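Everything below concerns the one structure shown next.
From a predicted model like this one, the values you see are computed outputs, not experimental measurements. Counting starts at 1 for both ligands and their atoms, following the listed order.
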Amino acid sequence: MIIKPRTLHYKLEFLLMLSRRLKPSHPSYSLLQEALTIELAGWKGEKELDYPLSHLPNDHLILHNVRLHDGTHYFQNDCIILTRKWILLIEAKNIAGHLFYDQTKDQLIRTTETGMKEGFNNPVTQVLRHKRQLQKWLSNNQLPDTLPIHCLVSNSHPRCVSSFDDPTLNIVTRTYSLPEKIKTLPHNPNSMSSKDLKKLSSSLVKLDTPLKPDFFEQYNIRESDILPGAYCDHCHSLSIHKKYNRWECATCKKVDKEAHVQALKDYVLIHGSLISNAKLRRFLRMSCPKAAHRLMVSLQLKTSGETKGRVYHLPFHQKF
Ligand SMILES: [Zn+2]
C-alpha cells in the first residue's frame with residue numbers, strides 16, 4: 001500500500017522549468033543541462049520501482065522520497081518499505097553498462113559499451129549510511145527501533161551487468177527482481193504492533209522535509225535571465241499565445257487549452273505563489289486585463305486585497 005506517493009523533486013521541477021525558460025546564452029546553461037540529465041536518470045530509476053513494488057502484499061507500507069533530519073544531517077531515501085517484521089531502504093538507480101562495485105576502494109566503476117570507464121559514488125555506502133541515519137532518527141524521535149533495517153540498491157536499467165570484489169555483498173539487485181528479493185529478507189521474530197507501525201509511518205510522513213535550496217543563487221541566475229511566455233511542448237518554444245478562448249502556438253499552430261497551467265506552475269518556482277493581474281499579463285504575454293481577470297476567475301484562485309492591489313494565490317508548490 002502506498003502511504004506517501006512519489007512527487008517530482010523540487011530540483012527536477014526547477015531544472016525542467018529552466019530547460020524551458022533560461023536564456024541559452026546564460027553561463028550556467030550547459031551545467032544545468034548536465035544536471036537535468038542526471039536528475040532525469042535518477043527519476044527514471046525511481047519510477048521503475050512502481051511496477052515491481054505493485055506486486056507486494058497490501059500490508060507492506062511504501063513511502064517514496066522521504067527526507068529526514070538525523071539531528072546533524074539530512075538524508076534522502078528513494079523508497080522506504082515498512083512491515084511489522086522489518087524496515088527496508090531502497091536506493092534506486094538507472095545506470096547502464098558493466099558496473100563494478102569496488103568495495104575495497106569504495107567506488108562504483110562503470111564501463112560503457114565503448115570501453116570508457118567512469119567512476120560514481122558507491123550507492124552501497126550511501127544506503128548503508130542512510131540505515132545508520134535512520135537508526136539515529138528513530139532513537140531521536142523515541143520511535144520503536146527493534147526492527148531490523150534492510151538495505152537494497154536496485155538498478156532498473158535493462159542493460160547493466162554487475163560484478164563485485166566482495167562476494168558476500170548481497171544487497172545489489174535488479175529492480176524487476178525486487179518482489180522476489182524482498183520475500184527473502186530475514187524477519188524479526190518479535191514483530192511490531194500494528195499501532196506502532198502506523199505511528200512510525202505517520203511520523204515518517206510528518207517529519208519529511210523536502211529539499212528546496214536557492215537554485216537562483218547556486219547557479220547564479222537572475223530573474224531577468226528567465227524568459228516569459230507559455231511553453232509549447234510540441235515544438236519546444238515559448239510561442240503559445242492566448243487566442244480567443246484557447247492557447248495557440250504561433251510557431252507550430254498547436255492548440256493547448258491548458259498551456260497556462262504549466263506556465264503558472266513555472267511562475268511559482270520563479271516568483272512565488274502570489275500574482276497580480278499585471279504580472280500575469282506580463283508572464284503570459286496577454287494584453288487584455290479583462291481576459292487575464294477571466295482566466296484567474298476560471299482557475300478559482302483565492303484572492304487578497306482590493307481593486308489595483310488585488311493579488312491571486314496560485315495553488316502550486318510554494319517558492320522556498
Ligand atoms: Zn509549438
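- Remark: the His293 side chain and the Tyr312 side chain contain an N/O donor-acceptor pair separated by less than 3.5 Å.
- A donor-acceptor contact closer than 3.5 angstrom is absent between the side chains of Gln133 and His73.
- When distances to the Zn ion (ligand 1) are checked against a cut-off of 2.8 Å, His236 contributes no N, O or S atom below that limit.
- With salt bridges taken as basic N to acidic carboxylate O contacts below 4.0 Å, one links Asp233 and Lys254.
- Centred on the Zn ion (ligand 1), the SG atom of Cys252 and the SG atom of Cys249 lie at an angle of 110°, reported to 10°.
- A donor-acceptor contact under 3.5 angstrom links the side chains of Asp266 and Gln262, judged on distance only.
- With a cut-off of 2.8 Å, the Zn ion (ligand 1) has an N, O or S atom of Cys232 in range.
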